[in-house]
*Asks:* 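Structure in structure tokens, see below.
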Amino acid sequence: MKKFIAIAVAVLLVALSALPVFAESLNSPIATKANYVIHTSDDIEGGKIVAQYETAVGEDGRQTILLQGIPEEGYDFGSWIIDGNYVPQGNLTDSVLKIVISSDITVKAVFNKSGAPTTAPVTPEKKIVDDGSKSPQTGSTDYVAYAVMFSSIVALIALAVVARRRSKKK
């Protein structure tokens, strides 16, 4: 009977070790800081940039900021030039632009003299960033866990049948 209990416990431990494969994937932890850095140039001709943080860096590693391009007299706002990981919530030719960032960025505003033709925005090519919020799956696919659990149940049943037959022989 002691052998039966020892084997049953061992089979149960094997079956239970397969359960973490079924665990729900959680959001990956991301090191956060209070705010990302917004680099701006002080030598902008024709205006200035005002950047405001609308949110702190969230658990997903993103932060919303508001950019305002304020032209000086005799100038009109042209466009934004932004380098870094961002998603605009508007057009780059809007003087007030809300963007969602996921890293430090460099921002420049282009101002045109009033009446001069506007300059098309020249934004550096966007970097592709894996914004997946799910942790990578560890271990094999789910069918392996089902196979281990099924094998464990069959082994427990076989163990019970063998133990019953042995107890009847005595």
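It should be emphasised that the depicted structure is a prediction, and the values quoted were computed from it without experimental measurement.
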*Asks:* Can you tell me how far apart NZ (Lys113) and CD (Glu72) are? Round to the nearest 0.5 Å.
*Replies:* 11.0 Å
*Asks:* Under the 3.5 angstrom rule, does the side chain of Thr55 hit a backbone N or O of Thr64 as a donor-acceptor pair?
*Replies:* yes
*Asks:* In Å, rounded to the nearest 0.5 Å, how long is the span from CD1 of Ile81 to OG1 of Thr106?
*Replies:* 11.5 Å
*Asks:* Check whether Leu92 and Ile70 end up in the same hydrophobic cluster, where Ile, Leu, Val, Met, Phe, Trp and Tyr are linked by side-chain heavy atoms less than 4.5 Å apart.
*Replies:* no
*Asks:* Locate the shortest heavy-atom distance separating Tyr86 from Ile101; write the atom from each residue and the value.
*Replies:* CB-CG2, 3.9 Å
*Asks:* How many angstroms lie between atom OG1 of Thr40 and atom CD1 of Ile105, to the nearest 0.5 angstrom?
*Replies:* 10.0 Å
*Asks:* Among Ile82, Val96, Val50, whose side chain to side chain contact (heavy atoms under 4.5 Å, CB included) with Leu67 holds?
*Replies:* Ile82
*Asks:* Just wondering, more than 12 heavy atoms not from Glu54 lying within 6.0 Å of its CD?
*Replies:* yes
*Asks:* Taking Ser114 for its side chain and Gly74 for its backbone only, find out whether a donor-acceptor pair lies under 3.5 Å.
*Replies:* yes
*Asks:* How far does CD1 of Ile99 sit from CH2 of Trp80, to the nearest 0.5 angstrom?
*Replies:* 8.5 Å
*Asks:* Return the CG to CZ distance between Asn85 and Arg62, rounded to the nearest 0.5 Å.
*Replies:* 10.0 Å
*Asks:* Please report the interatomic distance CG(Leu97) to OG(Ser79), rounded to the nearest 0.5 Å.
*Replies:* 11.0 Å
*Asks:* Taking all non-hydrogen atoms of both residues, which atom of Ile38 and which atom of Ala51 are closest, and how far apart?
*Replies:* CD1-CB, 4.0 Å
*Asks:* Measure across Gln63 and Tyr53 and return the closest heavy-atom pair with its distance rounded to 0.1 Å.
*Replies:* NE2-CD2, 3.0 Å
